[in-house]
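Contents: one structure, followed by commentary.
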There are 2 protein chains.
Amino acid sequence: MPYHHGDLRRALLDSALEAVAEHGPVAISLRDVARRAGVSHAAPTHHFGDKTGLLTALATEGWTGLADDLARTADRGQDFAELGVTYVLFATSHPAHFAVMRAPGLVRGDDPELSAAQNRAGELLRTGAAQHRNPAAASDPTTALAGWALVHGLSVLLLEGAVDPPGGNVADLARSITKRLGPAVDNDEMAVVSANKQP
Amino acid sequence: MPYHHGDLRRALLDSALEAVAEHGPVAISLRDVARRAGVSHAAPTHHFGDKTGLLTALATEGWTGLADDLARTADRGQDFAELGVTYVLFATSHPAHFAVMRAPGLVRGDDPELSAAQNRAGELLRTGAAQHRNPAAASDPTTALAGWALVHGLSVLLLEGAVDPPGGNVADLARSITKRLGPAVDNDEMAVVSANKQP
DNA sequence: CGGAGATCTTGACGTTGACAAGATGTGGTT
DNA sequence: AACCACATCTTGTCAACGTCAAGATCTCCG
């Protein structure tokens, strides 16, 4: 048993998550986090060096968790749309992590561990897009980008409360949204689709 | 001529925009903004009451500008996809405003003027979606949501530098992405689309 | 058992956001 | 023209914060 805690680093990360959940990632204070963990105001310095360091660690943890979730659904053989659902579910069920992940300026963007975790998540989305059942979408390199943008934006809107899912069912809403992403089509082609669409 | 300036409120907003562009919306300091405007450190208080007040004013300004841009393209008779392009163009050409607009926790979300401006922009997107050329998409209430999520996410990714547009042409990239948004289709229907898609 | 290094505390410094009180300019009323 | 109510801006102050330096305490290996 080290000093005061079994694992102060972990305890500080948890306290920070608590604080983020309560006051948002911007209003968080290092001294408050230390207080929650029951240690002196300078204790976090040794573990994270910096306020930015602590938030970067949190962000890295978040991206790693997201990548793990994505990897699990990909292993389950799910298609690209379902990867998007996983993304949205992660965001809404880990709001504190997600808030830190998407907070620009609070995080050291060039941190190698953070970049690695981000790249892993991005890579999973990209390979998922390349296996899109529609060949035109699968071969289009912007499919991954469009999918990412779609689920990222939906997550943000959900967390801001700008949208509330019918019946509180986030997964169904996410599914109905990600299903909208097809290959690039012109307006006349869309007409064909809609002509084919009927009960 | 009032006191020191012709319009200190405007001068402070401009100084704040400068500061946001340089250091991001999180690192901004009221005292620094006052310094840039050449006034005392407490001058902003009277105009905005609060640090949050100043950023809320900036966000309101941003949403108003975005709504104006959207209204202009809607008046020009452009379709829903082009509204999305306008959204992305606004974000990338007013990065400081957009950063404040999407910064949660920095802004007083219940501000009436801010909400009004946000609702105006949202309403424009919604009526644009209802006029989608594809009837199945036009009648689907989630079209506006999906479109918003798509362009919002793309804007974020562009500003974070996670994506750089080919040839620096943001409009073309945005257009190719928004074109991906069709009516909800199943996989077999997608096959029909791709069968019809050829030179 | 002894010392080296990791871990945590204590103390200090400059900066910040917010508040209070006072100074200064402005416009309207008589 | 004199006055006064009010808006505007300044000065002074305070607690809280992030960061750094120096010292205390714990751990473990030789």
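Just so we're on the same page: letters track the sequence lines, and every chain starts at 1. Model, not experiment: these values are computed from the prediction.
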Can you tell me the distance, in whole Å, between the [atom1] atom of [X] and the [atom2] atom of [N]?
X: Arg31(B); N: dA16(D); atom1: CZ; atom2: C1'; answer: 13 Å
X: Arg108(B); N: dG17(C); atom1: CZ; atom2: C1'; answer: 13 Å
X: Asp32(B); N: dG14(C); atom1: CG; atom2: C1'; answer: 15 Å
X: His46(B); N: dC19(C); atom1: NE2; atom2: P; answer: 14 Å

Donor-acceptor pair between Thr143(A) and Arg180(B) side chains, under 3.5 angstrom: yes
From [X] [atom1] over to [Y] [atom2], what is the distance, rounded to the nearest 0.5 angstrom?
X: Leu58(B); Y: Leu17(B); atom1: CG; atom2: CG; value: 5.0 Å
X: Arg9(B); Y: His47(B); atom1: CZ; atom2: NE2; value: 8.5 Å
X: Leu83(A); Y: Leu70(A); atom1: CG; atom2: CG; value: 6.0 Å

[X] side-chain N/O to [N] phosphate OP1/OP2 under 4.0 Å:
X: Ser29(B); N: dG17(C); answer: yes
X: Arg35(B); N: dT16(C); answer: yes
X: Arg9(B); N: dC9(D); answer: no

Heavy-atom check, side chain of Arg102(A) versus side chain of Val156(A), under 4.5 Å: yes
For DNA chain D, the residues among residues 47-62 of chain A that have a non-hydrogen atom under 4.0 Å from it: Asp50(A), Lys51(A)
Listed nucleotide nearest any side-chain atom of [X], set [options]:
X: Ala42(A); options: dT11(D), dC20(D), dG17(C); result: dC20(D)
X: His41(A); options: dT9(C), dT16(C), dA12(C); result: dA12(C)
X: Leu8(B); options: dT9(C), dC9(D), dC17(D); result: dC9(D)

Please tabulate, for the side chains in residues 145-153 of chain B, all donor-acceptor contacts under 3.5 angstrom to protein atoms that are two or more places apart in sequence or on a different chain.
unit_1, atom_1, unit_2, atom_2, d
Trp148(B), NE1, Tyr87(B), OH, 3.4
His152(B), ND1, Tyr87(B), OH, 2.7

